[in-house]
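Keep in mind that this is a model prediction, so the values were computed, not measured.
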Amino acid sequence: MITEQMLDALRDTLASELSEKRYRHTVEVERMAIRLGELYAPKQISMLRAAALLHDLTKEYSPDRHLLICAQKGLPVSRTELYAPKTFHAKTAAALIPERFPEFADEALIGCVRWHTTGREGMTLCEKLIYLADYIDLSRTFADCVTLRTFFFEARPEEMSFEERMTHLHRTMILSFDMTVRGLLEEGTPISPDTVGARNELICRCRAEEQAATEA
Ligand code: DGI
Ligand code: FE
Ligand code: FE
């Protein structure tokens with residue numbers, strides 16, 4: 001069980017390890033994970049808070065340090081990944097949790113950290129919530145992030161049925177992938193197959209739901 005004291009101790013450790021900017025982002029992702037958790041997974045809030053705190057643990061490591069961790073842990077690095085260095089940190093943070101923070105080394109939590117940057121096909125609800133919390137936390141002022149935050153909250157998800165709220169989560173995520181992919185196309189950066197897989201799955205699901213609604 002994750003207690004308030006464990007979360008406080010984790011926050012203290014991270015405050016001493018991360019830059020001020022990254023720490024500020026991290027605690028804002030924790031706050032957003034609570035808001036999203038209240039809407040979608042109230043029983044998972046403490047796990048979501050811990051995942052939020054740990055999600056960018058290795059974000060400030062150099063590319064060489066990420067590659068060293070992958071080599072030490074026997075994690076294969078694909079060619080696409082090699083040229084997508086901004087995605088390294090999700091993999092290395094997930095890989096370091098069991099030894100550095102064994103008290104938080106739960107499979108569901110590690111999945112949230114592992115998939116927070118690219119997403120993947122078959123994301124769990126908690127993985128989706130951490131992915132979104134990281135995109136729309138209040139420390140983000142980048143135009144795409146503000147657009148996504150407004151899109152999500154202006155629709156008043158708190159007033160929706162759970163089914164409508166899930167569809168809204170998926171539509172919000174599709175918009176996020178569209179904006180990320182647009183940015184990657186402009187940069188000429190490789191797009192992770194996991195990003196494509198996550199987007200395709202959610203698009204097909206939303207289309208099928210729309211079709212079922214018109215046929216009903
Ligand atoms: O670590 P944060 O900055 O808080 O956020 P993040 O983990 O979502 O990382 C965002 C960066 O990762 C952003 O610059 C876009 C990049 N990214 C996300 N998906 C992909 C990607 N980069 C590549 N090359 N391919 C992807 O599929
Ligand atoms: Fe990140
Ligand atoms: Fe982040």
Side-chain angles (χ1 to χ4, degrees), residues 1-14 18 23 25-59 89-91 93-140 145 148-149 151-153 155-177 194-195 197-198 201-202 205-206 209:
M1 202 186 81
I2 296 173
T3 63
E4 207 62 43
Q5 287 89 325
M6 285 164 75
L7 293 168
D8 289 343
L10 178 57
R11 228 177 281 105
D12 288 346
T13 305
L14 294 165
L18 304 177
Y23 179 70
H25 162 67
T26 295
V27 294
E28 284 298 341
V29 178
E30 183 193 6
R31 286 199 188 128
M32 189 55 76
I34 297 172
R35 279 178 82 175
L36 298 182
E38 283 166 351
L39 287 168
Y40 289 97
K43 291 187 187 139
Q44 306 289 335
I45 290 178
S46 31
M47 190 274 272
L48 290 167
R49 290 173 72 184
L53 289 171
L54 288 164
H55 86 284
D56 274 345
L57 177 68
T58 61
K59 174 79 182 186
H89 71 286
K91 198 169 181 167
L96 290 183
I97 290 171
E99 64 181 51
R100 288 230 33 218
F101 302 96
E103 66 279 30
F104 294 109
D106 156 76
E107 202 185 325
L109 183 154
I110 293 173
C112 292
V113 174
R114 173 64 188 92
W115 304 107
H116 86 265
T117 302
T118 56
R120 65 159 165 170
E121 191 178 340
M123 290 172 90
T124 66
L125 176 57
C126 288
E127 287 169 10
K128 291 172 185 172
L129 299 179
I130 292 300
Y131 168 87
L132 180 61
D134 182 37
Y135 214 112
I136 63 172
D137 83 84
L138 295 181
S139 74
R140 301 251 198 215
C145 302
L148 199 70
R149 188 157 61 225
F151 178 86
F152 182 74
F153 286 112
R156 299 197 156 276
E158 68 284 0
E159 292 169 10
M160 295 177 184
S161 68
F162 192 75
E163 204 183 332
E164 288 168 339
R165 204 179 280 174
M166 281 306 295
T167 302
H168 183 55
L169 172 64
H170 294 151
R171 291 208 176 116
T172 306
M173 290 181 70
I174 292 168
L175 177 59
S176 81
F177 289 121
D194 294 311
T195 300
E201 184 191 14
L202 295 178
R205 188 168 167 162
C206 284
E209 283 172 8

Got [X] and [Y] here, is their nearest side-chain heavy-atom distance under 4.5 Å?
X	Y	result
Ile2	Asp106	no
Asp56	Leu18	no
Val27	Leu14	no
Tyr135	Thr172	no
Leu39	Met160	no
Arg171	Phe152	no
Ser46	Met6	no
Leu48	Ile130	yes

>> Checking Ser176 against Tyr131 for the side-chain hydrogen bond (donor to acceptor under 3.5 Å, both in side chains) test, could you report, in this order, the C-alpha distance in whole Å, the side-chain angles of both residues, the deciding distance, and whether it holds?
In response: CA-CA 10 Å; Ser176 81; Tyr131 168 87; 2.6 Å; yes
> Can you list the residues that meet the side-chain contact (heavy atoms from CB on, under 4.5 Å) rule with Leu125, with sequence neighbours excluded?
Replying inline: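 Counting only residues at least two positions away or on another chain, Leu125 forms a side-chain contact (heavy atoms from CB on, under 4.5 Å) with Tyr40, Ala41, Leu129, Met166, Leu169.
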>> Checking Glu99 now: which residues fulfil side-chain contact (heavy atoms from CB on, under 4.5 Å) with it, not counting sequence neighbours?
In response: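 Partners of Glu99 under the side-chain contact (heavy atoms from CB on, under 4.5 Å) test: Lys73, Leu96.
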> Can we say Arg156 and Glu158 salt-bridge, meaning some charged N sits less than 4.0 Å from an Asp/Glu carboxylate O?
Replying inline: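 Here Arg156 pairs with Glu158 in a salt bridge, since their nearest N and O are under 4.0 Å apart.
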>> Please determine whether a side-chain nitrogen of the Lys or Arg among Arg35 and Glu38 lies less than 4.0 Å from a carboxylate oxygen of the Asp or Glu.
In response: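 Salt bridge flag = no for Glu38 with Arg35.
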Between the main-chain N or O of [Y] and the side-chain N or O of [X], is there a donor-acceptor pair closer than 3.5 Å?
X	Y	answer
Thr26	Leu53	no
Arg49	Leu7	no
Arg149	Arg140	yes
Glu201	Gly122	yes

> When rounded to the nearest 0.5 angstrom, what distance separates CZ in Arg114 from CD in Glu107?
Replying inline: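 Arg114 atom CZ to Glu107 atom CD measures 13.5 Å (nearest 0.5 Å).
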>> Glu30 and side-chain hydrogen bond (donor to acceptor under 3.5 Å, both in side chains): which single residue from His25, His55, Arg11 fits?
In response: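 Single pass found, and it is Arg11.
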